[in-house]
Amino acid sequence: MTWFRPSPGVLGWTGPALAALVWFGFAAAALAAEPGGATDYTGACSLTAAGGETLFAGDCAISHRPAPPAAAEDRCAYQRYEVLFPGVGLAVVERGNDPECPPRFQDRPAAFLARDRRGQLVLATAEGALVRFAPSPAEPPAPAPVLDDLLRGIETCRPGPEYRALTRSLRQAAASASEAIGAIPWPAGNPPPGQPLRLRQSGAWQQIDVPLRGRYLGLPLAGLRLETETGTGQQRDTLFFAGAPGRLVCTGLD
């Protein structure tokens, strides 16, 4: 599924295929590559494909800085936002300082850019995809729960019983199409308000995108993806971070 066509030499992605092309260490470095008046923060974000499929909803690492006119004769200055969507890639959104300066996405013209009722910026690409994100840090930032007990051992793909109980109940709820999300043994402070479980089929894999807010070993989290292969029952868990190291993939967990 291609939800927009990247211009030559411009970082872009084609839906889930980006994971094989741009990994988080590279994308995180891109955020920090251009100092000078930048504000870096973590904020709510979502990404919706042109067909309506939600590719990501959760928290993103965001960098905001002013971008002067590209040439002396260009009167348009921009506010540049670099939004790192975990598991998807880096989106570059530019908002003109003047109403006559059109918004841009990945250095190409966008359809429109506006604020929604919650104050988030919403950009529509020329192909109809929607990029939504917080334009500034939350004030004050809500304290993130510490999930060290839940995730202990995940860095060696040997998580404890608390994590296994959570993921087992999530997979069972998905298999039975249950909406009894309250019966899932969520850790404290989860799930984040307004962020539901999202189920989809990707080839032979059933995916469950789990909103997960908190910190593990001091690192901010962005979400959890549980995958089960149809037919074989093979399982794959991916823990996403809001910055480096990006993601941690474990296979063969039960």
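Atom set for the values below is all heavy atoms of this structure, side chains included, hydrogens, waters and symmetry mates excluded.
- Cluster membership for Val146 and Leu217, using ILVMFWY side-chain heavy atoms within less than 4.5 angstrom, is not shared.
- For the pair Thr238 and Leu248, the minimum side-chain heavy-atom distance is 4.5 Å or more.
- Two different hydrophobic clusters hold Tyr78 and Val83 under the rule that ILVMFWY side chains link at heavy-atom gaps under 4.5 Å.
- Gln79 and Arg95 are not linked by any side-chain donor-acceptor pair at a separation below 3.5 angstrom, with hydrogens and angles left out of the test.
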Does the salt bridge (Lys or Arg N to Asp or Glu O under 4.0 Å) test come out yes or no for Arg75 and Glu100, once each step is laid out?
-> CA-CA 10 Å; Arg75 61 179 177 79; Glu100 295 185 4; 3.3 Å; yes
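- Between the side chain of Tyr163 and the main chain of Arg158, no donor-acceptor pair closer than 3.5 Å is present.
- No donor-acceptor pair closer than 3.5 Å links the side chain of Asp237 to the backbone N or O of Cys250.
- Here Arg115 pairs with nothing under the side-chain hydrogen bond (donor to acceptor under 3.5 Å, both in side chains) rule; sequence neighbours left out.
- For the atom pair Leu221 CG and Thr42 OG1, the distance stands at 11.0 Å (nearest 0.5 Å).
- Hydrophobic clustering (ILVMFWY, side-chain heavy atoms < 4.5 Å, transitive): Phe241 and Val249 are in distinct clusters.
- Here the straight-line distance linking atom CG of Leu121 with atom NE2 of His64 works out to 9.0 Å at 0.5 Å rounding.
- With sequence neighbours excluded, the residues that form a side chain to side chain contact (heavy atoms under 4.5 Å, CB included) with Thr230 are Gln201.
- Under the side-chain hydrogen bond (donor to acceptor under 3.5 Å, both in side chains) criterion, Asp59 pairs with no residue, sequence neighbours left out.
- Counting heavy atoms from C-beta outward, Ile208 and Thr167 have side chains that stay 4.5 Å or more apart.
- Listed by chain and number, the residues in a side chain to side chain contact (heavy atoms under 4.5 Å, CB included) with Thr39 are Tyr41, Pro137 (sequence neighbours excluded).
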Show your reasoning for whether side-chain contact (heavy atoms from CB on, under 4.5 Å) applies to Glu53 and Leu47.
-> CA-CA 9 Å; Glu53 179 186 8; Leu47 181 62; over 6 Å; no
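- For Thr48 (side chain) and Gly52 (main-chain N/O), no donor-acceptor pair under 3.5 Å exists by modelled atom type.
- Arg132 is linked by a side-chain hydrogen bond (donor to acceptor under 3.5 Å, both in side chains) to Asp116, counting only residues two or more places apart in sequence or in another chain.
- Taking CG of Leu84 as the start and CD1 of Ile62 as the end, the distance is 9.5 Å to the nearest 0.5 Å.
- Residues Cys76 and Pro69 form no side-chain contact, since every pair of their non-hydrogen atoms from C-beta on lies 4.5 Å or further apart.
- Checking side-chain atoms of Glu82 against main-chain N and O of Val92 turns up no donor-acceptor pair under 3.5 Å.
- Scanning both residues, Gly153 and Tyr216, for their nearest heavy atoms gives N-OH, 3.4 Å.
- Smallest separation of non-hydrogen atoms from Pro191 and Pro211: CB-CG, 4.2 Å.
- Side-chain contact between Leu239 and Leu151 is present, with at least one heavy-atom pair separated by less than 4.5 Å.
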Check step by step if side-chain contact (heavy atoms from CB on, under 4.5 Å) holds for Leu130 and Val122.
-> CA-CA 7 Å; Leu130 292 179; Val122 182; 4.3 Å; yes
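- Across Gln195 and Gly58, no two heavy atoms sit closer than the pair OE1-CA, 3.5 Å.
- Atom CD in Glu229 sits 11.5 Å away from atom OG1 in Thr251 (nearest 0.5 Å).
- Side-chain contact between Pro159 and Arg164: present, with at least one pair of heavy atoms (C-beta onward) separated by less than 4.5 Å.
- Among residues at least two apart or in separate chains, there is no salt bridge (charged side-chain N to carboxylate O under 4.0 Å, His left out) pair with a member in residues 186-195.
- For the 3.5 Å distance criterion, the side chains of Ser169 and Gln172 fail to qualify, holding no donor opposite an acceptor.
- Annotation: side chain of Pro145 is in contact with side chain of Arg213 (closest heavy-atom distance under 4.5 Å).
- By the salt bridge (Lys or Arg N to Asp or Glu O under 4.0 Å) test, Arg225 pairs with Asp209, sequence neighbours left out.
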side-chain contact (heavy atoms from CB on, under 4.5 Å) between Glu227 and Gln206, intermediate numbers included = CA-CA 5 Å; Glu227 298 175 280; Gln206 182 195 58; over 6 Å; no
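- With values rounded to the nearest 0.5 angstrom, Gln120 atom CD is found 6.5 Å from Ser46 atom OG.
- Under a hydrophobic-cluster definition in which Ile, Leu, Val, Met, Phe, Trp and Tyr are linked whenever side-chain heavy atoms come within less than 4.5 Å, directly or via other members, Trp205 and Leu224 are assigned to different clusters.
- With sequence neighbours excluded, the residues that form a salt bridge (Lys or Arg N to Asp or Glu O under 4.0 Å) with Arg104 are Glu94.
- Applying the ring pair (Phe, Tyr, Trp, His ring centres under 6.0 Å) definition to pairs two or more places apart or across chains, those involving residues 107-140 are Tyr81-Phe133.
- Among residues two or more places apart in sequence or in another chain, the salt bridge (Lys or Arg N to Asp or Glu O under 4.0 Å) test is passed with Arg152 by Asp149.
- In this structure, Thr125 contributes its side chain and Glu127 its backbone to a donor-acceptor pair below 3.5 Å.
- With sequence neighbours excluded, the residues that form a side-chain hydrogen bond (donor to acceptor under 3.5 Å, both in side chains) with Thr228 are Arg171.
- Contacts of Ala165 classified as side chain to side chain contact (heavy atoms under 4.5 Å, CB included), with partners at least two apart in sequence or in another chain: none.
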